[in-house]
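Here is the structure we will look at.
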Protein chains: 2
Amino acid sequence: MTSRNSYHHGDLRQAVLAAALDVIAAEGPGALSLRDLARRAGVSHAAPAHHFKDRTGLLTAIAAQGYDLLADALADAPELSERGVRYVRFAVDHPAHFTVMFQPELLRADDPALLAAKDRASAELRAGVTGLGSVPDARTAGIAAWSLAHGFATLLLTHNLDDPVGGRDPGEVFRSLTGSMFGADLPRTKTEQRNG
Amino acid sequence: MTSRNSYHHGDLRQAVLAAALDVIAAEGPGALSLRDLARRAGVSHAAPAHHFKDRTGLLTAIAAQGYDLLADALADAPELSERGVRYVRFAVDHPAHFTVMFQPELLRADDPALLAAKDRASAELRAGVTGLGSVPDARTAGIAAWSLAHGFATLLLTHNLDDPVGGRDPGEVFRSLTGSMFGADLPRTKTEQRNG
DNA sequence: GCCCGTATCTAGTCATTGACAAGTTGCGGG
DNA sequence: CCCGCAACTTGTCAATGACTAGATACGGGC
């Protein structure tokens with residue numbers, strides 16, 4: 001699957017990406033070694049560079065793929081709270097992507113593919129907020145919602161909430177979180193927002 | 001200041017720590033090089049190892065210092081919302097510490113100094129929640145508050161909120177955030193919490 | 001005032017890595 | 001059939017983390 005006996009690997013780009021995700025999820029981006037990934041794929045030490053240019057290029061490709069996956073995950077979610085749940089689930093399901101996406105110093109910020117994917121994801125995030133209706137300050141509410149979901153996801157991935165969450169589905173735990181803050185169900189109406 | 005003409009540096013540990021914080025704040029933990037820090041301090045390439053053992057030891061020392069600073073910053077804050085503001089301010093004022101503190105794979109998790117400092121900070125965080133009184137689920141509320149502050153801080157440091165925040169004080173922006181979610185002022189009473 | 005234990009720092013070394021250059025293989029269009 | 005180009009290999013260099021052995025000087029004990 002990952003290596004062939006022919007001169008050409010056949011699918012080296014995917015093989016390296018997959019191996020990289022494993023390493024990052026297990027030991028973080030700092031443990032990434034292009035030469036190690038090459039060994040795992042059974043190719044020479046310089047082969048990965050042809051597909052990703054360098055270490056930064058590989059991480060940038062991962063981040064771009066991550067933003068695309070996030071945009072897909074958020075698409076067609078009815079309520080704001082449901083987008084939050086999906087945001088958290090995305091982080092748990094794709095920890096390596098999520099980790100790399102939010103470490104700008106590891107990435108090539110002007111990469112076209114990265115920018116495009118990031119725009120897609122941003123649009124989906126904003127779409128969730130506009131669904132709130134004409135809330136007093138939709139922008140502030142959007143930042144609050146994003147902060148809540150992002151903080152919960154980050155604390156989860158950094159093992160700061162292992163005890164409270166236990167074995168429960170993190171998405172459901174987050175749902176109960178938003179419930180305890182806003183009341184039973186989101187999105188709230190304009191009137192509720194003013195009184196809340 | 002950073003180097004002396006005597007054989008002994010005099011304060012190498014502090015000099016290396018300070019230089020490391022600069023590097024991390026500017027280029028992230030991945031850009032840290034013990035040899036580079038040694039050059040900046042004007043000592044031999046192996047000198048820092050005497051104080052921190054290895055790269056992981058240095059990062060662990062920074063994280064421990066960070067948790068101590070955070071505990072200090074949170075101490076004696078009257079309300080929960082004020083602790084949130086201070087949490088965000090800590091992240092903005094000590095970006096290198098904050099970054100390293102929440103990347104467990106960079107640290108030696110069983111380091112005594114790290115564990116002690118982390119416990120201090122945890123106690124301060126929990127103290128803020130108990131101030132809420134007998135809220136339905138204090139633990140859930142605590143996680144929600146921590147997630148909100150942590151997420152906002154993380155998004156700030158990763159330059160995902162540059163436009164919305166502009167030049168304003170991030171602490172004040174966060175204060176307005178909590179206000180838009182919970183109402184005018186925190187902590188809310190038990191009754192408000194039920195109705196909210 | 002001297003001596004010695006030890007913390008601090010130096011000098012040298014090795015394996016590993018990222019990055020780059022130059023060459024080889026083989027797929028696929030014309 | 002052949003040729004351009006993408007995919008991969010081989011070789012190399014500087015930089016780094018980690019380790020070892022040794023030099024230096026600070027400070028307590030006498």
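Chain letters run A, B, ... following the sequence lines, proteins first and then strands; every chain starts at 1. Because only heavy atoms are used, hydrogens play no part in the values below, and waters and symmetry mates are left out as well, while side chains stay in.
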Do B:R83 side-chain atoms and B:E124 backbone N/O form a donor-acceptor pair below 3.5 Å?
yes
Given A:V100, which of A:L21, A:L107, A:L58 fulfils the side-chain contact (heavy atoms from CB on, under 4.5 Å) condition?
A:L107
Choosing from C:dA11, C:dA21, D:dC8, which nucleotide comes nearest the side chain of B:A46?
C:dA11
Could you tell me whether the side chain of A:T56 and the main chain of A:R108 form a donor-acceptor pair under 3.5 Å?
no
A:D76 atom CG, neighbour heavy-atom count above 12 within 6.0 Å
no
Proximal nucleotide (of C:dG18, D:dC8, D:dC19) relative to the A:A47 side chain:
D:dC8
Can you tell me if B:R86 uses its side chain to pair, donor with acceptor, with the backbone of B:A75 under 3.5 Å?
yes
Whether B:H45 contacts C:dC9 is assessed here as follows: a side-chain N or O lying under 4.0 Å from the phosphate OP1 or OP2. Is that the case?
no
If you take any heavy atom closer than 4.0 Å to DNA chain D, which residues from residues 26-36 of chain B end up in contact?
B:L32, B:S33, B:L34, B:R35
Polar-atom pairs under 3.5 Å, protein N or O versus N or O of nucleotides 3-5 of chain D: list them with distances, or write none.
none

Is the phosphate of C:dC9, meaning OP1 or OP2, less than 4.0 Å from a side-chain N or O of B:H50?
no
Just how far is it from atom OH of A:Y87 to atom CZ of A:F152, taken to the nearest 0.5 Å?
13.5 Å
Phosphate-side-chain proximity, B:R39 and D:dT16, N/O vs OP1/OP2 below 4.0 Å
yes
With no hydrogens and no angle check, is any side-chain donor or acceptor of B:R55 less than 3.5 Å from a backbone partner on B:L32?
yes
Between D:dT9, C:dT8, D:dC19, which nucleotide gets closest to the side-chain atoms of B:H51?
C:dT8
Out of the candidates A:L17, A:L59, A:L34, only one should pair with A:F52 under the side-chain contact (heavy atoms from CB on, under 4.5 Å) rule; please name it.
A:L17
